[in-house]
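Report on one structure; see the data block that follows.
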Amino acid sequence: MSQQPTSPSQPGSDQPRPVIQPQPGIMEIALYEAGAATLSGRSDVLKLSSNENPFGASDKTREAVARAAHSMHRYPPTDHLRLRTAIAEAHGLDRDRIICGVGSDEIIHFLCQAYAGPGCEVLFTEHGFLMYRISALAAGATPVAAPERERTTDIDALIAAATDKTRLIFVANPNNPTGTMVTEDELARLAHAVPQALLVIDGAYAEYVSPDFDGGAGLVERLPNVVMTRTFSKIYGLGGLRVGWAYAAREIIDVLNRIRGPFNLSSLALEGAEAAVRDHAHLDHSRSENARLRDWLAAALAERGVPSDPSFANFILARFEDAATAAACDAMLRGEGIIVRLVGGYGLPDCLRITIGDEASCRRVAHVIGQFMAGRAAVAT
């Protein structure tokens, strides 16, 4: 009996198979590199690379998560009503205009998925958060970076870069990784100048600015094309639970909820975030200690010949004379068990972003960088 030929679609076929391609733009996305957390051979690592709260989550938050663990076999609520209510009460907002996500990253992704796509442009600043470009490309849109002015958002440059294809403009305020800010009036001017686009004010570090800073909520109330995003990952110390939220017009929230997964937040995350936003004492302590130690560290490094711009976040951007010097300082810090963040990927190869830790951590960083700069000065002479 003669053997039947093997079909190209059958296993064992040596015929070429078609390569299934992803959507355009996907392969342009470089894999995100998070801040390093470990160093080979060291157990005393000081991690200052991810802008985490050195005081962690509050006791009330940990207790709430522990209680929630007893019922984690149950599905979480899909409407996030209790968390939205707690956020609204804490900030004086309308709970029906709030959406919650897996960190503010997920909400950034929702916005690009819902309002951008092939033929559209997503605009941000040259040193802006890397997720803006990633989420734009994932949606098939074209990412566009506008220049900054001395590491600060340049509103005129953003207006000049906008076109009739611009659908989203992302501005982090304070910005990551620079720590700098622009005023509410400047952001309002941008929103008025590009009415066909949504202006997304990324307030991941808003709580660090001052107790009365609203992070852009007032602009959302006044202007229909403004969205504010926030996160529980920074001052609330919940980076491991991944909770974020946004405030916008009801029509925008309705759109985003249509693409949000119904169970995107776990019960533990919901309970932890609700407890965190209600714990005002921990928030106030974290803010005041961060401001005190941020000012101290910036001054200490400046005395050692390492300047930084005034920061309104929980980190400073230390500037060196060139990329090689920044890399050499980073290597010395690592040798002493300290991890900070090289930010060449943000277009700042001559800088190190240093998270504000507790007092002992800040003094340790200042001491090592002081030794580094003294060593370079000795070699130069």
Side-chain angles (χ1 to χ4, degrees), residues 32 51 80 83-84 86-88 90-116 122-125 128-136 138-139 143 153 158 167-177 179 181-182 184 187-188 190-191 197-209 213-236 238-239 241-257 259-261 264-265 269 273 276-277 312-314:
Y32 185 87
N51 300 340
H80 308 154
L83 177 55
R84 289 189 293 109
I87 292 170
H91 297 281
L93 306 176
D94 178 355
R95 72 183 185 187
D96 293 332
R97 297 174 62 180
I98 295 171
I99 184 174
C100 299
V102 181
S104 53
D105 294 5
E106 185 179 42
I107 296 170
I108 290 167
H109 195 76
F110 289 162
L111 286 161
C112 288
Q113 185 180 354
Y115 290 100
V122 174
L123 182 60
F124 45 86
T125 64
F129 185 36
L130 295 178
M131 286 306 301
Y132 307 150
R133 181 178 188 275
I134 290 172
S135 294
T153 296
L158 284 167
R167 292 294 174 266
L168 290 164
I169 304 173
F170 287 100
V171 176
N173 203 45
N175 190 31
N176 172 29
M181 284 186 66
V182 291
E184 181 178 293
L187 290 170
L190 175 59
L198 286 180
L199 169 59
V200 183
I201 303 172
D202 182 350
Y205 300 93
E207 289 86 358
Y208 284 108
V209 177
F213 179 62
D214 73 359
L219 283 180
V220 175
E221 299 284 7
R222 302 200 319 262
L223 301 173
N225 65 324
V226 178
V227 179
M228 176 186 73
T229 64
R230 303 284 275 269
T231 185
F232 283 88
S233 296
K234 303 305 177 185
I235 203 167
Y236 293 105
L238 302 187
L241 286 186
R242 311 302 302 127
V243 186
W245 58 280
Y247 190 57
R250 292 193 184 195
E251 295 80 5
I252 296 172
I253 297 301
D254 176 66
V255 169
L256 300 183
N257 271 322
I259 57 177
R260 176 180 65 83
N264 62 325
L265 288 180
V277 79
F312 296 88
N314 69 332

Taking C-beta and beyond as the side chain, do [X] and [Y] meet within less than 4.5 Å on heavy atoms?
X      : Y      : answer
Asp96  : Arg84  : yes
Leu83  : Phe232 : yes
Met181 : Tyr205 : no
Phe170 : Met131 : no
Val220 : Val227 : no
Phe124 : Leu158 : no
Val277 : Trp245 : no

Atom pair [atom1] ([X]) and [atom2] ([Y]), whose distance is rounded to the nearest 0.5 Å:
X      : Y      : atom1 : atom2 : result
Ile99  : Ile253 : CD1   : CD1   : 5.5 Å
Glu207 : Thr231 : CD    : OG1   : 8.5 Å
Ile98  : Asn257 : CD1   : CG    : 11.5 Å

Would you sort out whether Tyr208 and Asn51 count as a side-chain contact (heavy atoms from CB on, under 4.5 Å), showing the intermediate values? CA-CA 12 Å; Tyr208 284 108; Asn51 300 340; over 6 Å; no
Show your reasoning for whether side-chain contact (heavy atoms from CB on, under 4.5 Å) applies to Ile201 and Leu187. CA-CA 8 Å; Ile201 303 172; Leu187 290 170; 3.9 Å; yes
Could you go step by step and tell me if Leu168 and Leu123 meet the side-chain contact (heavy atoms from CB on, under 4.5 Å) rule? CA-CA 6 Å; Leu168 290 164; Leu123 182 60; over 6 Å; no
Does Asp202 reach the main-chain N or O of Val171 with its side chain, forming a donor-acceptor pair under 3.5 Å?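 It does not hold such a pair.
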Test your reading of the model: is there a side-chain donor-acceptor pair from Asn225 to the backbone of Leu198, 3.5 Å cut-off?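 Between the backbone of Leu198 and the side chain of Asn225 there is no qualifying donor-acceptor contact (under 3.5 Å).
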So which pairs with a foot in residues 216-225 pass salt bridge (Lys or Arg N to Asp or Glu O under 4.0 Å), sequence neighbours left out? Arg97-Glu221, Glu184-Arg222
Show me the donor-acceptor pairs within less than 3.5 Å that the side chains of residues 101-113 make with the rest of the protein, sequence neighbours left out.
{"from": "Glu106", "atom 1": "OE1", "to": "Val102", "atom 2": "N", "distance (Å)": "2.6"}
{"from": "Glu106", "atom 1": "OE1", "to": "Asn264", "atom 2": "ND2", "distance (Å)": "3.1"}

If you compare all heavy atoms of [X] against all heavy atoms of [Y], which two are closest, and at what distance to 0.1 Å?
X      : Y      : answer
Gly179 : Pro174 : O-CB, 4.0 Å
Ala188 : Leu219 : CB-CD2, 3.7 Å
Arg260 : Cys100 : CD-O, 3.5 Å
Ala191 : Leu223 : CB-CD1, 3.8 Å
Tyr132 : Ala172 : OH-CB, 3.4 Å
Leu238 : Ala276 : CD1-CB, 3.9 Å

Test Asp94 against Tyr247 for side-chain contact (heavy atoms from CB on, under 4.5 Å), laying out the working first. CA-CA 9 Å; Asp94 178 355; Tyr247 190 57; 3.7 Å; yes
